[in-house]
4 protein chains.
Amino acid sequence: MARVRSPEKRAAILDAAVYEIAASGLGAATAKIAQRAGIASGTLFTYFPTKEELLNELYLELKSEVYARMDASFPHRASLEQRVRHVWTSYLDWSIEFSKKRKVSVQLHVSDVITTETHRKATAMRGAIDTTLSELENRRSLEGLPAGLAMAMMGAMQDATIEFIARQPKQRRQIIEGAFDVFWRAMR
Amino acid sequence: MARVRSPEKRAAILDAAVYEIAASGLGAATAKIAQRAGIASGTLFTYFPTKEELLNELYLELKSEVYARMDASFPHRASLEQRVRHVWTSYLDWSIEFSKKRKVSVQLHVSDVITTETHRKATAMRGAIDTTLSELENRRSLEGLPAGLAMAMMGAMQDATIEFIARQPKQRRQIIEGAFDVFWRAMR
Amino acid sequence: MARVRSPEKRAAILDAAVYEIAASGLGAATAKIAQRAGIASGTLFTYFPTKEELLNELYLELKSEVYARMDASFPHRASLEQRVRHVWTSYLDWSIEFSKKRKVSVQLHVSDVITTETHRKATAMRGAIDTTLSELENRRSLEGLPAGLAMAMMGAMQDATIEFIARQPKQRRQIIEGAFDVFWRAMR
Amino acid sequence: MARVRSPEKRAAILDAAVYEIAASGLGAATAKIAQRAGIASGTLFTYFPTKEELLNELYLELKSEVYARMDASFPHRASLEQRVRHVWTSYLDWSIEFSKKRKVSVQLHVSDVITTETHRKATAMRGAIDTTLSELENRRSLEGLPAGLAMAMMGAMQDATIEFIARQPKQRRQIIEGAFDVFWRAMR
DNA sequence: GATGAATGAGGTTTCATTCAT
DNA sequence: TATGAATGAAACCTCATTCAT
């Protein structure tokens with residue numbers, strides 16, 4: 001049996017990628033990523049055959065991390081509002097705690113490197129959230145609007161909110177709550 | 001120093017940049033942009049000293065184009081709702097008509113090439129919209145929330161809406177109106 | 001030090017090398033050769049310490065195969081013409097049957113990887129053929145010409161012939177015979 | 001008007017390519033070729049878009065050089081034998097004088113980088129030689145053999161001859177003449 | 001002995017920018 | 001001013017070989 005591919009190294013590469021991409025954009029050099037991950041430049045390619053694949057995997061990793069976070073303490077039996085509020089809050093908390101990760105996630109989302117297949121996989125990862133969000137969409141207030149719009153709007157409104165929290169970190173809790181109220185009003 | 005000789009060439013370069021960046025991302029080669037603009041590769045640098053400046057100017061150009069569009073038929077004396085609805089609708093119309101421009105605008109916004117100075121200039125361009133939007137923000141419903149959040153939310157919600165229109169172009173009008181209702185409910 | 005454990009594996013590597021080199025030239029990756037041979041990339045180097053050695057061994061293997069083929073049914077007691085014709089025909093038959101092997105053999109011959117030592121060994125392998133060919137060279141018609149020229153010319157003329165057979169495979173026998181007549185005329 | 005692509009540089013690249021390929025095979029680095037040609041590594045690609053194109057152009061250049069050499073003092077009114085002898089001798093002279101060029105030409109010919117299109121162009125370059133060679137092929141002695149075989153055989157026999165001249169350069173003239181006699185006997 | 005992950009030099013090609021023409 | 005050839009620093013990726021397992 002030869003040396004075995006180490007999950008630690010894989011994780012180190014993805015971590016390094018977040019750091020470098022946050023700093024230099026998607027053009028970040030694979031060599032720099034490898035260096036920061038503490039491996040030889042060529043080694044990166046035993047874990048990800050091309051840069052493109054690395055980026056796609058990174059996207060999935062980031063998405064899965066947020067979803068895991070939301071699922072963790074999900075209040076399955078709470079009221080719809082409570083559940084939606086949980087999604088709202090936990091995503092914003094994650095976004096602020098790991099702002100580089102969020103930044104990279106957005107860059108990837110906007111770019112053309114993420115394949116439809118990857119987008120599909122990412123969507124499939126939404127566990128408890130999906131149930132909650134679709135419950136939300138069935139409300140009268142969103143009648144006649146395309147499925148998925150509620151979720152998309154939530155994401156969009158969260159993204160808008162984040163920038164303001166970044167500028168006034170001390171008012172974090174207040175902004176998060178206040179913005180949720182705005183969102184919730186829209187959904188009623 | 002970018003002494004501008006022919007406004008036509010300048011415009012041609014910006015147009016070409018939109019096309020190429022929409023196709024290949026911000027990494028689009030200046031040489032390709034020049035070629036598409038029908039000029040020699042070196043000439044581009046007579047109009048824009050560096051690629052970075054080109055991108056910043058492009059961003060301003062795109063922003064100014066949207067704002068001009070909104071200002072054009074702005075219903076200055078209409079009700080607040082009517083005026084906000086105008087902003088909402090005219091932006092979405094522009095986004096759909098010039099989807100490449102919007103795509104590029106988003107890419108630029110997310111990336112790090114746009115300087116704070118450029119962002120400042122872009123903000124300063126909002127004419128009639130600004131008055132309307134700040135009127136909106138002064139409402140009780142947004143009390144306690146940071147200034148600018150309403151505008152940011154509108155932008156974010158529009159971006160979310162656009163993707164759904166792209167997927168169901170025939171329901172365009174209905175989605176635009178429905179989504180506005182959602183937005184307006186949030187603002188009340 | 002290439003302690004040979006399994007002759008089957010060794011043979012598999014050489015076979016795989018023929019295939020890959022025929023497809024991609026001498027630049028064929030050792031890893032691909034190993035893969036096709038059904039072994040791990042590192043194992044290849046247990047059998048051949050360097051790629052260069054592999055290529056040299058491969059050259060000898062191919063040469064020895066042709067010579068073995070010629071020796072197999074060699075008409076030791078036939079007339080000189082009959083014996084030479086046997087060499088001519090059996091080489092061409094082999095070349096057509098194993099065209100990849102011939103192609104690789106030529107590539108190796110032309111390149112600089114084959115050492116003089118290997119060339120020497122290859123020459124030493126010519127068994128019955130050598131006797132026949134030197135008999136041919138002693139004829140008056142080749143007087144004053146360097147030793148070995150007859151054999152070289154035969155090889156050259158065969159190589160020229162092969163391409164025509166490849167293009168008109170149905171006339172194979174006729175071309176082989178006709179070309180031999182041309183060659184034989186040259187030798188008389 | 002910008003700087004103009006200089007034929008001298010193009011020639012320098014091709015010359016450098018001959019030198020480097022003769023030394024290291026077709027794997028010769030484009031950077032090394034550029035360096036030897038006295039230009040920046042990137043400049044090479046303004047003259048030849050890819051290495052493959054460079055190699056194809058190089059092949060044509062070498063072929064055209066030989067053919068030009070043969071055409072130069074071609075004895076159009078001499079006997080067939082005299083004309084064929086001219087082709088024979090002038091090619092061998094060129095091969096010996098520019099042995100690196102010949103070596104590279106052979107490497108290219110054997111490899112797979114030369115496209116069929118290039119081969120076609122190369123064939124089309126044979127001027128006076130073609131007329132003479134086809135006259136040769138119409139002789140009774142080659143009846144029933146594929147068109148082009150005579151020319152191919154001549155090439156092959158010349159190649160065989162060259163190696164012997166390389167080993168005994170002092171007997172050059174004698175070997176050239178002797179080998180031609182052998183060839184001519186084959187053609188009668 | 002067999003495996004395949006790890007290495008890092010080296011390969012081709014691209015690109016923003018400069019500058020001779 | 002306009003041109004596009006020239007530059008050389010990266011960029012991504014491949015590969016022969018080593019060596020821990």
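A quick note: this is a predicted structure, and the numbers were derived from the prediction, not measured. Throughout, protein chains are lettered first and strands after them, A, B, ... in sequence-line order, and every chain is numbered starting at 1.
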B:L44 CG to F:dT3 C1', in whole Å, measures 13 Å
- Query: Do any N or O atoms from the side chain of C:D112 and from the backbone of D:G25 form a donor-acceptor pair under 3.5 angstrom?
  - Reply: no
Taken to the nearest whole Å, CZ/A:R10 to P/E:dA6 is 13 Å
Regarding the side chain of D:A29, the nearest nucleotide among E:dT7, E:dT12, E:dA5 is E:dT12
Using a heavy-atom cut-off of 4.0 Å across all strands, would you classify B:A28 as base, sugar-phosphate, or nothing?
sugar-phosphate
Winner on side-chain proximity to D:K51, out of F:dG4, E:dT12, E:dA16, is E:dT12
Of F:dC13, E:dT13, E:dA5, the nucleotide closest to the side chain of A:F45 is F:dC13
Are any of C:Y47's side-chain N or O atoms less than 4.0 Å away from OP1 or OP2 of E:dA2?
yes
Sorted by position of nearest nucleotide on DNA chain E, 5' first, the leading residue of A:R5 and B:A31 is A:R5
Describe the nucleic acid contact of D:T50 in one word from base, sugar-phosphate, nothing, applying a heavy-atom distance below 4.0 Å. sugar-phosphate
*Give a yes or no on whether the backbone of A:T46 and the side-chain of A:R5 come within a donor-acceptor separation of less than 3.5 Å.*
yes
Per atom distances to the D:T30 side chain, the nearest of F:dA5, E:dT12, E:dA16 is E:dT12
Note: for D:G27 and A:G38 on DNA chain E, the residue whose nearest nucleotide lies more 5' is A:G38
D:E52 CD to E:dG11 C1', in whole Å, measures 15 Å
Hey, does the side chain of D:S41 come within less than 4.0 Å of F:dG8's phosphate (OP1/OP2), counting only N and O?
no
B:I33 atom CD1 is separated from E:dT14 atom C1', nearest whole Å, by 14 Å
* Carefully, step by step, assess B:L14 and B:L54 under the rule side chain to side chain contact (heavy atoms under 4.5 Å, CB included). => CA-CA 8 Å; B:L14 292 173; B:L54 164 61; 3.8 Å; yes
B:L26 CG to E:dA16 C1', in whole Å, measures 15 Å
Looking only at F:dA11, F:dA6, F:dC13, the nucleotide nearest the D:K9 side chain is F:dA6
To the nearest angstrom, the CZ-C1' distance between D:F48 and E:dT14 comes to 19 Å
Under 3.5 Å donor-acceptor, A:K100 side chain and A:V18 backbone: no
In Watson-Crick or G-U wobble terms, with both distances under 3.5 Å, the base opposite E:dA16 is F:dT7
Separation of E:dG4 atom P from C:K32 atom NZ, nearest Å, is 18 Å
Item checked: C:R36 and C:D15 ion-paired at < 4.0 Å -> no
Distance col, row C:T118:OG1 vs C:E53:CD, nearest 0.5 angstrom, shows 8.0 Å
A:E53 atom CD is separated from F:dC13 atom C1', nearest whole Å, by 14 Å
| query | OP1 or OP2 of F:dA5 sitting under 4.0 Å from any side-chain N/O of D:T46? | reply | no
